[in-house]
Amino acid sequence: MRRIENIEVAWIMGEIADLLELQGESVFKIRAYRKAAKAIASLATDLSELASRGELETVPGIGKAIAGKIAELFNTGEIEYYENLKAQVPPGLLEVITVPGIGARMAQELYQKLGISSVDELEAAARGRKIRGLPGMGNKTEMNILRGIEMLRSGTGQVTLGIADAMAEAFTGFLKSLPGVEEAGAAGSARRMKDAVGDIDLVVGSYEAERVIEIFVKHPQVKKVLAKGDTKARVVTLAGIGIDLMVVGPEQYWTAMHHFTGSKEHNVRLREIAHKKGLKINEYGVFRRDDDTRLPVAGEADIYTHLGMEYIPPELREDLGEVEAAMNGTLPDLVETGDIKGDLHIHSDWSDGVNSIEEIVGRAVEMGYEYVAITDHSKSLGIARGLSVERLEEQERYLRELNEKTGQIEILTGIEADILSNGDLDYPDEILAAKDIVVASVHSGFRQEREKITGRVISAMKNKHVDIVAHPTGRLIGRRDPYAIDMEEIFAAAVKYGTALEINASPDRLDLNDRYVRRAAELGIRISINTDAHDINRMDEMKYGVATARRGWLEKRDVLNTLGKEELLDYLKK
DNA sequence: GCCGTTTTCGGCCCGACTGTTTTCAGTCG
């Protein structure tokens with residue numbers, strides 16, 4: 001039978017939740033399916049393996065009933081319960097509820113009264129002013145529906161962390177410059193440093209909420225105002241990115257920041273714990289339930305202290321075990337940007353980079369690094385001006401000389417060796433042996449079958465000169481899916497051959513992703529965080545790689561390039 | 001449907017904004 005990916009199971013669970021909602025089922029049952037979908041989507045291990053071992057119920061959020069349905073899916077290729085549900089609900093309604101502003105109740109009402117069962121029919125009805133006749137709906141409802149359909153079709157999807165981070169920073173600066181604003185900052189998934197961000201959340205501490213909101217919605221980058229109230233506003237920028245703004249009193253800034261940083265699942269867990277302790281948490285503070293006394297909160301750490309747990313950094317707030325760890329005092333001591341001692345994957349103008357080696361070295365010195373590796377492309381990557389054997393040897397000599405002269409930083413001679421479609425590397429062993437560091441990666445044959453591309457990378461890992469596999473899954477966020485590579489096999493090979501795996505820090509890649517990073521670290525695999533910069537300005541993107549490492553629960557000791565110069569050179573010799 | 005330092009039954013986070021209402025339901029985060 002065809003292989004069923006985790007994400008497909010998650011989609012089915014989400015769809016069951018939608019179908020149940022359209023049937024008016026219990027909100028708790030719906031929530032249970034949604035929670036299971038989320039849990040499955042963020043699982044790094046193969047669900048099919050868990051199923052074959054009968055361990056589905058070890059996943060928090062999966063109980064007896066859902067485990068049974070997943071097992072059924074793997075055994076028979078379908079879930080009878082799900083098929084029955086689909087048969088009972090007009091299929092177009094699932095599409096209708098994807099329109100922002102339309103939920104299950106409205107979709108049901110529109111179907112029963114007007115027979116609407118597709119987005120096209122919904123649009124026609126709104127344009128034909130047929131909806132305003134329904135109870136509780138008016139002409140503004142029709143406008144909202146049309147706006148929602150437009151948003152849906154314009155594909156207000158997600159943007160990379162790099163884009164979101166830059167935009168959040170720009171708006172934060174703008175808000176800070178306004179009179180009456182005491183504090184401003186970005187919250188939401190951008191603060192949690194997720195690799196893809198749906199919209200930007202901003203929090204402002206000010207006593208003049210109305211004034212701040214009025215100016216905010218008039219910002220030249222704002223294309224549309226979706227909502228505007230006393231304390232909140234929601235807009236869409238010209239670039240099509242949604243921004244939510246929340247303004248609170250300065251003394252509520254940190255509880256609001258915490259609330260809007262999320263994740264939602266993390267917050268729910270905290271509120272449940274608060275509830276049991278006789279407390280209540282919302283965006284305005286931490287309160288005693290009995291008399292509404294407000295407990296002092298001078299920073300986010302105080303919130304966790306009131307709940308009797310360790311401070312949880314934003315990158316971990318996903319309800320993936322961090323709450324339990326914080327209560328037990330077993331949170332990881334996360335790696336920090338300052339722990340990074342060098343960048344092991346950089347391109348110069350010898351291949352397709354824009355800067356000279358001297359410029360790269362200069363920037364590395366500025367960043368306080370102890371070492372930097374020059375890893376230009378190998379010969380078969382003609383499009384990237386990959387180096388011939390002669391050019392490579394010439395560069396090698398050049399780098400050795402420069403290293404003598406420079407002194408203040410170790411320049412490692414390296415190569416990003418292409419893994420050819422048959423699994424061979426781009427140069428013979430004696431060439432690779434001469435390099436301080438060999439980074440191997442796939443740049444072609446992205447569509448190879450799972451076995452083939454997996455075996456190809458593993459055969460490269462068997463080569464004792466290969467130190468790191470770069471961007472192991474090949475994904476480009478929002479633009480190109482990962483190859484069909486079997487990461488469990490790659491992890492096993494990394495353990496067997498002692499190969500490090502890369503977190504490519506470019507916000508276009510962030511590959512490995514957070515989940516794989518965590519899984520790899522559990523298996524004891526060394527991770528290297530590299531920028532793959534083709535431009536010295538992008539050496540600053542190290543912070544995104546470190547953030548991804550933190551999201552994967554990595555400590556300093558898990559990361560190869562936190563080693564000092566001597567330790568790293570020793571490591572590379574082995 | 002899930003879950004268990006109050007529980008194997010009975011809970012299950014909390015609030016803002018909107019539109020169409022005269023007090024609230026629906027939607028969203």
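All heavy atoms count here, side chains included; hydrogens, waters and symmetry mates do not. So that the names make sense, note that chain A is the first sequence line, chain B the second, and so on, each numbered from 1.
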Mind calculating the distance between CD1 (A/I145) and C1' (B/dT20) to the nearest angstrom? 14 Å

Protein-nucleotide distance (A/I70, atom CD1; B/dC2, atom C1'), rounded to Å: 13 Å

Single hit among A/N6, A/D319, A/L320, A/D514 for side-chain contact (heavy atoms from CB on, under 4.5 Å) with A/S42: A/L320

Under 4.0 Å between a Lys/Arg side-chain N and an Asp/Glu carboxylate O for A/K38 and A/E265? yes

Write down the distance between CE (A/M246) and C1' (B/dG29), rounded to a whole number of angstrom. 12 Å

Does OP1 or OP2 of B/dG19 have a side-chain N or O of A/N144 closer than 4.0 Å? yes

Between B/dT20, B/dA16, B/dG1, spot the one nearest the side chain of A/N139, thanks. B/dT20

Aromatic-base stack, A/F28 on B/dC12, cutoff 5.5 Å, angle under 30: yes

Residues forming a ring-ring contact (aromatic ring centres under 6.0 Å, His included) with A/Y82, sequence neighbours excluded: none

Looking at A/T141, does any N or O in its side chain come under 4.0 Å of the phosphate oxygens OP1/OP2 on B/dT20? yes

Which part of the nucleic acid, if any, lies within reach of A/I281 when heavy atoms closer than 4.0 Å are counted: base, sugar-phosphate only, or nothing? sugar-phosphate

Looking only at side-chain atoms of A/D201, point me to the closest of B/dC14, B/dG29, B/dC17. B/dG29

CZ of A/R34 versus C1' of B/dC28: gap in Å, rounded? 12 Å

Please determine if a side-chain N or O atom of A/S263 lies less than 4.0 Å away from the OP1 or OP2 oxygen of B/dG29. no

Run the salt-bridge test on A/R132 and A/E142 with the 4.0 Å N-O cut-off and return the result as yes or no. yes

Is the distance from OP1 or OP2 of B/dG29 to the nearest side-chain N or O of A/R234 less than 4.0 Å? yes

From C-beta outward on A/K232, which listed nucleotide comes closest to its side chain: B/dC12, B/dC17, B/dG29? B/dC17

A/I102 atom CD1 is separated from B/dG19 atom P, nearest whole Å, by 13 Å

Spacing between A/M137 atom CE and B/dG26 atom P, to the nearest angstrom: 10 Å

CA sep, side-chain torsions, deciding dist, call: A/K276, A/E272, salt bridge (charged side-chain N to carboxylate O under 4.0 Å, His left out): CA-CA 6 Å; A/K276 285 173 188 157; A/E272 283 168 1; 5.8 Å; no

A/I273 atom CD1 is separated from B/dC14 atom P, nearest whole Å, by 13 Å

Just call it for A/Y284: base, sugar-phosphate, or nothing, with non-hydrogen atoms closer than 4.0 Å on any strand. sugar-phosphate

Could you give the CZ-to-P distance, from A/R147 to B/dC28, as a whole number of Å? 12 Å

Is the shortest side-chain N/O distance from A/K69 to OP1 or OP2 of B/dG1 below 4.0 Å? yes

Tell me whether the side-chain N/O atoms of A/K280 come closer than 4.0 Å to OP1 or OP2 in B/dG15. yes

